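I have placed the structure first, in the form of structure tokens, so that the comments after it can refer back to it.
Just the heavy atoms: all of them, side chains too, but no hydrogens, waters or symmetry mates, feed the values below. On a predicted model such as this, the values are computed, not experimentally measured, just so you know.
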Amino acid sequence: MSIDQDVRPLVAALLDALGPGPELDSLLEELSAAALSGEDLAAYLRACARQQARSESRTLTAMHHLGRARAGSTERYQGRDEFSGDEVAAVLCWSRSMATRKLGLADDLEVRLPAVGQAVWEGRLDLARASRLCEWTRDLPDDLARHVCDVLLPDAESMTVGELIDRIEQLVIELDPDWAARREARARRNGRLILQANPSGTATLSLVDVAAMSGLAMRDRVDALAAAVRGLGVLTPIGTLRKEVAGRLLDGSLAGLDGRAVAVLLAAEYHAPGDDPGGNDDPGPDDPGPDGPCSGPSDGGPSDGGPSGGGPGGGPGGEAKCEPRQGPSGSDDCRGTTGGSAGDEPRGPGRGDPGSGDPAGGAAAGAGTGPGQGLLDLPDLPDPAGEAGDPEPFPRLFDGPEPGPGRVRAGVGEVRLRLSTALGLDDLPGQVPGYGMVLARQARQLLGRHRRGEWRVVCTDDQGRLRHVLLARRRPGQPRPGGSGQRCRAIVELQVLTTLLAALDPADHGGWASLLAELQQRLAELPREGGPPAATAGDFSRRRPRVEIDRWTRVRDRCCVAPACRRRAQSSDLDHTVDHALGGPSLDWNLGVLDRHHHRAKHHGGWTLHQPAPGHFRWRTRAGIRHTTRPRKILQEPVAPRPAACPRPLPDDGPAWTDDDHPDWRTRYTRATGLADPRRTETRPAAHPDDDPPPF
């Protein structure tokens, strides 16, 4: 069939109406992508993706049957064995390992998760998402795996792969928290270190199955040092610099040095002639130009009486100085500002001036690190352990003394969890943006680590949509978050239904009573329908929004509002939908979160953006294709737990290490250290009767 120019507007509707099959294939054969534009071209691409999913489904089905085929018969062997992959490898000239992986995916779609296989066959789900559903549910019991897929399949097509993985993790923990905790504990016992050679001649060093809290602490330490080194004028891309810092911490070359000395040493090596720790001795044409670290201005503090400093990052007076730079994988490693540095146009390279908060302009090392980066604790600062006798309602994360002066502090982390989980009323998972889901006990531990950070209480309506954002003035166990300790720059987001917060009785929650009473009092003074902070006359003239509006906008948007982008809000820019130079005010209905790449796409890439309602964004790409993004829910409706009659079995990923594997380890340990067996339990003699005293 042919499509005339006169009926070209019907092409998109016709393509979108057809499911995968011969008719769609015939239509695609008649059309040419070179002759289409705009929405027609987008519909053509969607149709090709549906047809490809049907073709891939057919290929995987053929693999499934070939791996079980009997010679000269249509009967099949009962299951897959070690020789099944050889059949596929021989036909397609693949390696046995690759054939085995593909055959495992085919078996999942045919047997273990048939609903997912049917969605791929119908073109509703592409193979990338189907593969993640199979991969991330592979170690689940079959009943949990099928239930997770049943819950996710209706919306899976509109999720990015990263969003799909996060939802899988969340559902698994909600369905059976005990099983998820046992799986995590068993995986930690099998932790290992792997060094793998790369085709380029480099190597990849991996720490596998470390505890989530330890992994986050390692990342934060590296981020803190990398930010401090950048603050000393090092121009190495931040991703490469993180790698260099981590490697030097592990190889022993920095042994005995504190955080300040480490930063100064690495910066000195970089600036030494012909010596660049990041490998940039001879900058090429693609080497990024000079710029300061991606840092935000200093915040003057919230106006509602919250902790000093408000949010991490900027205030109305500062200005971010940073240039997008590409990391090793091509990703945009630049960090935006957090506390009010909204710009109409991305900033170019430049150096800060003293007092701007930019270390490149004269600030002390580590004193101007931006969002997502760490803070270097200098020796002349007070010990963040707090005042003597300061109550600590949270369990300690690690044994041993608190880190003293001169130690690198945790980077600007972020944790999100329900207030009900923090109170111990449920065990729903928390989230660390940029990392993933964590168990409830781990989220509570992060509350202790970030106790002196900025605590945001996000209240929602009964459908989980944003209504209020409050900045907590108190912390559990103490009336105010002040004290002699240094303030943490992390963000804690406590999410709660407004109706639940109003119904809680503070007297029932011990150390949380003062915080809950404060929140209930402030909630009663706010409008019932909720909404952003009230506008002031200055919001129409100031270029950067007040910290309250900045905070509201980032909480509302959650991440970059560009289609299919998940860059977290705290490391992205705030953009005026209508440029400030054209009269656009610095208010929530004219602001949106854009990462640096999409911020540049709006101003330099031919993309246009409109915000018809607060948080609703309409995009038009340079190809003429229109996309719409809407505010995300703060709270998803939790699924009902599905406990089993007896504990579900853990995945068969190999036995954990036991004493029986190395029966002589106790003897070797005692000989080498001269210490008693650390696992030995003292055996107490039986008590003697009163009339038979023990011998002396």
Side-chain angles (χ1 to χ4, degrees), residues 18-22 24-25 47-159 161 164-165 167-169 171-172 175-176 179 183 642 644 648-653:
L18 292 176
L24 179 59
D25 188 62
C48 289
R50 292 197 302 276
Q51 197 69 9
Q52 181 182 6
R54 170 67 62 90
S55 177
E56 290 172 334
S57 177
R58 186 180 291 113
T59 301
L60 290 172
T61 299
M63 289 184 193
H64 170 76
H65 287 280
L66 180 59
R68 292 168 168 76
R70 295 175 181 266
S73 173
T74 57
E75 294 183 1
R76 304 290 184 247
Y77 289 106
Q78 288 296 323
R80 176 164 54 102
D81 58 23
E82 63 174 306
F83 307 110
S84 298
D86 296 328
E87 300 282 357
V88 176
V91 171
L92 299 179
C93 201
W94 286 351
S95 68
R96 185 160 57 91
S97 59
M98 179 178 179
T100 301
R101 287 196 303 270
K102 286 289 188 179
L103 188 56
L105 174 60
D107 290 350
D108 280 346
L109 298 181
E110 287 286 331
V111 179
R112 191 171 68 92
L113 302 174
V116 179
Q118 184 64 25
V120 176
W121 173 257
E122 295 173 357
R124 295 184 288 111
L125 197 67
D126 60 34
L127 195 60
R129 293 179 178 85
S131 299
R132 296 304 181 275
L133 278 169
C134 294
E135 176 185 350
W136 285 80
T137 62
R138 188 158 292 153
D139 59 354
L140 301 181
D142 287 350
D143 63 321
L144 282 185
R146 293 192 182 101
H147 186 73
V148 167
C149 293
D150 290 342
V151 172
L152 292 179
L153 275 177
D155 300 321
E157 183 180 4
S158 61
M159 296 182 185
V161 170
L164 189 61
I165 292 173
R167 283 290 288 150
I168 293 172
E169 291 183 282
L171 289 174
V172 168
L175 289 169
D176 196 340
W179 183 89
R183 178 182 62 168
R642 294 172 66 90
R648 290 183 171 93
L650 292 174
D652 184 14
D653 55 0

- Using the side-chain contact (heavy atoms from CB on, under 4.5 Å) rule, take Arg70 and Arg76 through it: C-alpha gap first, then chi angles, then the decisive distance, then the call. CA-CA 6 Å; Arg70 295 175 181 266; Arg76 304 290 184 247; 5.9 Å; no
- Any sub-3.5 Å donor-acceptor pair from Asp81's side-chain atoms to Ser84's backbone N or O? yes
- About how many Å separate OG of Ser55 and CH2 of Trp121, when rounded to the nearest 0.5 Å? 9.5 Å
- Message: Between Arg68 and Asp107, does the side-chain contact (heavy atoms from CB on, under 4.5 Å) criterion hold? Intermediate values first, please.
- Response: CA-CA 11 Å; Arg68 292 168 168 76; Asp107 290 350; 2.9 Å; yes
- Taking the side chain as C-beta and beyond, is there a heavy-atom pair between Cys149 and Leu152 under 4.5 Å? no
- Message: Donor-acceptor check, side chain of Arg50 to backbone of Leu18, threshold 3.5 angstrom: yes or no?
- Response: yes
- State which residue, out of Arg648, Arg112, Arg642, fulfils the salt bridge (charged side-chain N to carboxylate O under 4.0 Å, His left out) condition with Asp143. Arg648
- Item | Heavy-atom check, side chain of Leu105 versus side chain of Leu127, under 4.5 Å | yes
- Query: Would a 4.5 Å heavy-atom cut-off, applied to side chains only, mark Thr137 and Leu144 as touching?
  - Reply: no
- Note on the structure: Rounded to the nearest 0.5 Å, the CG atom of Leu153 sits from the CZ atom of Arg146 at a distance of 13.0 Å
- Message: Distance check, rounded to the nearest 0.5 Å: Leu60 atom CG versus Met63 atom CE?
- Response: 5.5 Å
- Of all heavy-atom pairs linking Pro141 and Pro649, the shortest is CG-O, 4.2 Å
- Task: Apply side-chain contact (heavy atoms from CB on, under 4.5 Å) to Leu125 and Leu133, showing your working.
- Result: CA-CA 11 Å; Leu125 197 67; Leu133 278 169; 3.9 Å; yes
- Message: If you define the side chain from C-beta out and look only at heavy atoms, does anything of Cys134 sit under 4.5 Å from Leu109?
- Response: yes
- Do Arg80 and Thr100 come within less than 4.5 Å of each other through their side chains, counting heavy atoms only? yes
- Message: Any non-hydrogen side-chain atom of Glu87 less than 4.5 Å from a side-chain atom of Leu103?
- Response: no
- Counterpart residues, salt bridge (Lys or Arg N to Asp or Glu O under 4.0 Å), relative to Asp25 (two or more places apart): none
- Message: Strictly distance-based, threshold 3.5 Å: is any side-chain N or O of Thr61 a donor or acceptor partner for the main-chain N or O of Ser57?
- Response: yes
- Message: Are the side chains of Trp179 and Leu140 in contact, using a 4.5 Å heavy-atom criterion?
- Response: yes
- Asp176 side, atom CG; Arg183 side, atom CZ - distance, nearest 0.5 Å: 10.5 Å
- Query: If you round to the nearest 0.5 Å, how far is CD1 of Ile168 from CZ of Arg132?
  - Reply: 9.5 Å
- Item | Donor-acceptor contact present, side-chain Gln51 to main-chain Gly21, <3.5 Å | yes
Would you list the atom pairs, donor with acceptor, under 3.5 Å between side chains in residues 89-98 and any protein atom, with sequence neighbours excluded?
unit_1	atom_1	unit_2	atom_2	d
Ser95	OG	Ser97	OG	3.3
Ser95	OG	Met98	N	3.2

- Can you tell if the side chain of Gln52 reaches within under 4.5 Å of the side chain of Pro20, non-hydrogen atoms only? no
- Nearest atoms (heavy-atom pairs only) where Ala130 meets Val120: CB-CG2, 3.5 Å
- Task: Assess the side chains of Ser158 and Asp155: does a donor N or O sit below 3.5 Å from an acceptor N or O?
- Result: no
- Note on the structure: dist Leu66:CG -> Asp86:CG (nearest 0.5 Å) comes out at 10.5 Å
